Each structure stands twice: as structure tokens, then as C-alpha cells.
Number of protein chains: 2
Amino acid sequence: MAVTSFESSLRQRCSNCSLREICLPLGLDAEELGRLDELVKRRRRVFAGQHLFRAGDPLQALAAVRTGFFKIYEVSAGGHEQITAFPMEGELMGLDAISADVHRGNALALEDSEVCEIPFTKLEGLLSDLPRLQHQFHKLLSGAIGNDHGLMMVLGTMTAELKVAAFLLNLADRLEARGQPRAIIHLPMSREEIGNYLGLKLETVSRMFSKLRDDGLIVTEGRKTEIRNYAALKDLCLQGSAHA
Amino acid sequence: MAVTSFESSLRQRCSNCSLREICLPLGLDAEELGRLDELVKRRRRVFAGQHLFRAGDPLQALAAVRTGFFKIYEVSAGGHEQITAFPMEGELMGLDAISADVHRGNALALEDSEVCEIPFTKLEGLLSDLPRLQHQFHKLLSGAIGNDHGLMMVLGTMTAELKVAAFLLNLADRLEARGQPRAIIHLPMSREEIGNYLGLKLETVSRMFSKLRDDGLIVTEGRKTEIRNYAALKDLCLQGSAHA
DNA sequence: CGGAAGATTGAAGAAACTCAATTTGTGTGG
DNA sequence: CCACACAAATTGAGTTTCTTCAATCTTCCG
């Protein structure tokens, strides 16, 4: 018992979370963190292939990825699937559900994962009391819009090669923001899922991986990818969208 | 003077605004509306071709379109422009700027327009006091994410013909939500701007307009477009994305 | 170790793009 | 009000890019 309570006080708190600089509680003081801590239901496990929520589910809680990787996909009226995000550690899922109190997207774990759940109604109550948390939450929502615009730019302006390059760079930068080496990327998603996300067919994605490999920008070993020349990859993206 | 004050009390209030069911103040009571009213700076004019804000400008105020039409476009590091939205009456602009306190996008008036400006810091203060307004604001932010996902679906899964059809349907539905006839659409944007938004070249957009016209779904007269067969246009979009 | 799913590569086809010419629309000054 | 000039839109022909179809090859589990 003593051990359990020790562990829970040590590990299961936002204040000790290694993701607190990325996740919701960024920039809160100890008292504010304590209030938030009370709300958060931590370390719910979601195994690879399982859904955390599905489109149509009522919004109960927002979820932050603690460990692992998810894909969020929406299904159109015509039945087509479109992946809208690949959330990783520290990223929130379900923000688009606030609008209608119902999830638009489906959240599927790509590998065994853990999430922290934050009951949304309770969170909104807390936001009224804690202006800094409120502002932080607005920044998160706004940032999600900005991320989506970034993807629109990729989808709307880039060729297949640039899309794949931008995809890898995006992952690299997000890994780096978490203190991990940006050069080594383990892709938990298939070529088909990457293609769906980027508006390409899986064969095209595969071809572009091969091309980037042949050009010496990356090294591929199945789903393990290493960025060999980050600067060149970045240049490729920049100059690529410049010719318009 | 008496007339002026009469007019201002009659016209220049959210409570009398014809857009209150679409814009921010949805579902507020009289007292809450009054508090919001105090913040809003109304009827700032922006003439066609003028910018309301530009990327890099510090976020001072969110802006709601009162009359007219805007385009929001972002410029990538490589210099490519991507239009991310065409806001019309009742729609908010600048939500993506909260994240970094700086505008990401540029807001250009496509026709002579009027906007209501809401100082953002003051708004956040008010949100803490008015839970219903806070919730409404969160719904708006969340809805913006949902809209973006809808566009991603269009960009990622649809052919040129379907993209244009979906674009027209989107406009039609938004007009209808404002009590205007959904069949008659005056497009304030050029073919090139439509193409930029949809990830197509202007010639392709033109061709698809012609195709939809030849198929009897729409009638075109320059930028004036009439939807002749709404149901068929909708079917086209649905079945189109089903084959995957 | 064997089977199935995922990934790669090739060749042929379709979709959208580029380049170019023509037509239409718009606004301005005579 | 018309004529002119300029910008936008349309249409055509040829090319590029991506997709489709198909055949391997690899990886990952049981």
C-alpha cells in the first residue's frame, strides 16, 4: 500500500509528467496544476488496433496521448476514409467533438498506448476559475487549427515527393520537441495510411520513399526510417513550393 | 442626434444582429448579450482588395464578418500561397492566431465588407464570467477544426470534378443557413482562387464548371452560378468518394 | 518454418497540368 | 453611351504526374 501510494504520488501527476511542456498544463503554477490533476484520469491503456473512441460517440472526455501513437480518421457520407492526424505523446484528441458534443473522428491506436482522459464538462468548469489554463486551452485549440492549415498547404500545393518529405520532417520536428533524436523515426503507420493522410496511393508513397533513399536524403529499413540529410530535406520542401 | 442614438441602439447590437444565430452570441440571454455587446467594435469597413490583417500582425481582436466576403490565405516558407477559407457573414476570422498571439493568415476582402471586432484579451476575460459564452466559443473553435477536416477530406480524396461540386455545395449550404436562397451563388472569388483553395489549377476549375454545366447540374454566367439540381450534385459527391 | 500481410518495382493508363489561342467580361476614358 | 484596353475565363492540344494493375520481394507472426 505504501508503495502504491508513493508511486501514484510520484508518477501519476501532471506536475511530474515529462510532457507537461507540450500538453495542456504548460505554464501553470503548482496550485493550478493541482486542480487540473484532480480531473485527469491517467494511464488508460489502449492496445494496438483498439479504438479509444469512434465517430458518433458522445464527447465525454478529451484524451491526451501519454505513450504510443494513434491515427484519427473520419469517414465521409460516401464511405471514404480520410486520416486527419497521427497524434503522438503529449497531443490531445477529440477537440473537434466539442462543436457537436459528438466525436467526428475515430481514434485508433497504432501501437500499445496510454492516454490521460480529461472530462470535458469538468474541464470547462475549471477553465472559468483558472484564466491561465483557459488561455492555454485556447492556444491548444488554435494550434490544432494551425496544424490543420499546415496539412492543407501540403495537400494543396505539393507534389508526391514533397508531401512525403514534409511528412517525415513533420514527424522529425515533433520528435525533437519531445527531446528524442529527430533523425531516427519509427513509423507506426503503413504506407497505405501515410498515403491516405497525404492524398496519395500507397504505391506512390513507396516510390517516393525509394526516391528519397536513392537521393541519399534518408535511409529506409522497412518502417524504420533515418533522416540522413535533414537540411537537404528541408530545402527540398522550401524550394518545391516556391515555383508557384 | 436623437436619430443617431436611436439607430445605434437599434442596429449596432449583437442582440439585434441577424447573424446572432450563426455568430458567437448563439444561445446567450439578454444580460450575457449586453456584456458581449460592450466589447464588440462594430462595422469596421474593409474595402475590396484591402487586408484586414496580415500574417505576422499581433492578434489584437478576432473579427466576425458582418457583410461581405473574405479570403484567408497563408504563405509557406517557400513562398507558395494557400487559401484556407472564404469566410462570409457571421464567420469568425483569426482563431488560428491565438496559438502564437500572431496571425498566421492574411485576411483579404474580396468585396466591400464590414466586420465586427472583438478584442481577444477582453473576450477571454468575459469568458471566465460567462460559462455559456465560454462554451459557445469553444464550440466555435472546435467547429473551425471540423470545417478544416472537411476540407482535408475534399483535398485528399476527391477528383477535380467532385472538388468543384463540393465547393459549390458548401457555399450553397452556408447561404441557406443564413436564410438566403441556396441555389443562386455569386462567387466573389476568381477561378484561380477557387483552384488554389481546392488544390487545382484555374483551367481545371474552369473545365469542371463547364462539365457540371454541360451535365445540367448548374447554370453558369461568369461568376454568377445557379445550382439547377442540388440533389444530383450531392449524389455526385457521395458516390464519388465511395469507390475507395 | 510457413503463410499472410505489407512493401517494392514495373508497365500501361487516366487525370490533371502546362502552354497557347480565343472568347468573354469589366472598367475607363473619349 | 460606345469603344477600347486589360483582366478573367474558356477551350484545345500535348505533356507530366500520379494511379492502376500486376508481379515479385520482404517482413512479421503464429
Side-chain angles (χ1 to χ4, degrees), chain A residues 47-49 71 80 83 108 110-112 154-168 185-215 218-226 236 240-244, chain B residues 47-49 71 80 83 110-112 154-168 185-215 218-226 236 240-241 243-244:
Chain A
F47 295 105
K71 77 169 179 182
H80 189 99
I83 296 171
L108 179 76
L110 293 172
E111 45 184 53
D112 291 350
V154 171
L155 289 170
T157 77
M158 288 181 167
T159 62
E161 184 183 7
L162 297 181
K163 283 179 177 181
V164 172
F167 173 75
L168 291 173
I185 303 175
H186 176 67
L187 300 169
M189 68 292 284
S190 68
R191 299 290 189 255
E192 184 168 21
E193 287 167 327
I194 296 171
N196 180 296
Y197 181 68
L198 296 173
L200 300 170
K201 292 296 158 188
L202 70 98
E203 296 95 331
T204 306
V205 174
S206 181
R207 275 182 242 276
M208 295 310 140
F209 268 92
S210 298
K211 182 168 195 311
L212 293 173
R213 172 173 44 71
D214 294 347
D215 291 348
I218 62 175
V219 177
T220 61
E221 190 191 327
R223 291 191 176 184
K224 193 151 279 177
T225 300
E226 186 186 340
L236 186 65
S241 53
H243 66 68
Chain B
F47 295 105
K71 76 168 179 184
H80 189 99
I83 296 171
L110 293 173
E111 46 184 53
D112 292 349
V154 171
L155 288 170
T157 76
M158 287 182 168
T159 61
E161 183 183 8
L162 297 181
K163 282 179 178 180
V164 172
F167 174 74
L168 290 173
I185 304 174
H186 176 67
L187 300 168
M189 67 292 283
S190 68
R191 299 289 189 255
E192 184 168 22
E193 288 167 328
I194 295 171
N196 180 295
Y197 180 67
L198 295 174
L200 300 170
K201 292 297 160 187
L202 69 97
E203 297 94 332
T204 306
V205 174
S206 181
R207 276 184 242 275
M208 295 309 142
F209 268 91
S210 299
K211 182 167 196 313
L212 293 173
R213 173 172 44 70
D214 294 346
D215 291 348
I218 63 174
V219 178
T220 61
E221 190 190 328
R223 290 191 177 184
K224 194 152 279 178
T225 300
E226 186 187 339
L236 187 65
S241 53
H243 67 67

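All values reported here derive from a predicted model rather than from experimental measurement. Residue numbers begin at 1 in each chain, while the letters A, B, ... track the order of the sequences.
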(message) What is the separation between atom CD on E192(A) and atom C1' on dT20(D), rounded to the nearest whole Å?
(response) 14 Å
(message) Checking R213(B) against T220(B): is there a side-chain donor and acceptor pair closer than 3.5 Å?
(response) yes
(message) Of the listed nucleotides (dA7(C), dT9(C), dT19(D)), which one gets closest to any side-chain atom of L200(A)?
(response) dT19(D)
(request) Return the value, rounded to whole Å, for the distance between atom CE of M189(A) and atom C1' of dA7(C). (result) 16 Å
(message) On DNA chain D, does the nearest nucleotide to A160(A) precede the nearest nucleotide to G222(A) from the 5' side, or the other way round? Give the residue.
(response) A160(A)
(request) May I ask you to decide if L200(A)'s main-chain N or O and T204(A)'s side chain share a donor-acceptor pair within less than 3.5 Å? (result) no
(message) Would the distance check show the side chain of D112(A) and the main-chain N or O of A48(A) forming a donor-acceptor pair, the cut-off being under 3.5 Å?
(response) yes
(request) Could you state the atom-to-atom distance from CZ of R213(A) to P of dA7(C) in whole Å? (result) 14 Å
(message) How many whole angstroms separate atom CZ of F209(A) from atom P of dA7(C)?
(response) 9 Å
(message) Using a 4.0 Å heavy-atom cut-off, does G195(B) contact any base of the nucleic acid, only the sugar-phosphate backbone, or nothing at all?
(response) nothing
(request) Please report, rounded to the nearest Å, how far the C1' atom of dT15(D) is from the NZ atom of K201(B). (result) 15 Å
(message) Treating K163(A) as the side-chain partner and L198(A) as the backbone partner, does any N or O pair qualify as donor plus acceptor under 3.5 Å?
(response) yes
(message) Pick the closest DNA chain C nucleotide for E203(B) and for M208(B) by heavy atoms, then say which residue is nearer the 5' end.
(response) M208(B)
(message) So, OP1 or OP2 of dT9(C): does either fall under 4.0 Å of a side-chain N or O from R191(A)?
(response) no
(message) Which nucleotide wins on minimum distance to the side chain of R207(A), given the candidates dA9(D), dT19(D), dT8(C)?
(response) dT19(D)
(request) From the options dC17(C), dT20(D), dG6(C), select the nucleotide whose nearest atom is closest to the side chain of R223(A). (result) dG6(C)
(request) Whole angstrom is fine here: how far is it from CD in E161(B) over to C1' in dA15(C)? (result) 12 Å
(message) Using OP1 and OP2 only, check whether a side-chain N or O of S190(A) sits under 4.0 Å from dG6(C).
(response) no
(message) Of the listed nucleotides (dT8(C), dT20(D), dA7(C)), which one gets closest to any side-chain atom of S210(A)?
(response) dT8(C)
(message) Between P on dC18(D) and CE on M158(A), what's the gap in Å once rounded to a whole number?
(response) 13 Å
(request) Look at S206(B) and dT10(D) and indicate whether a side-chain polar atom (N or O) is within less than 4.0 Å of OP1 or OP2. (result) yes
(request) Find the distance L155(B):CG to dA16(C):P and express it as a whole number of Å. (result) 13 Å
(request) Report yes or no: does K71(A) contribute a side-chain atom to a donor-acceptor pair with the main-chain N or O of L108(A) at less than 3.5 Å? (result) no
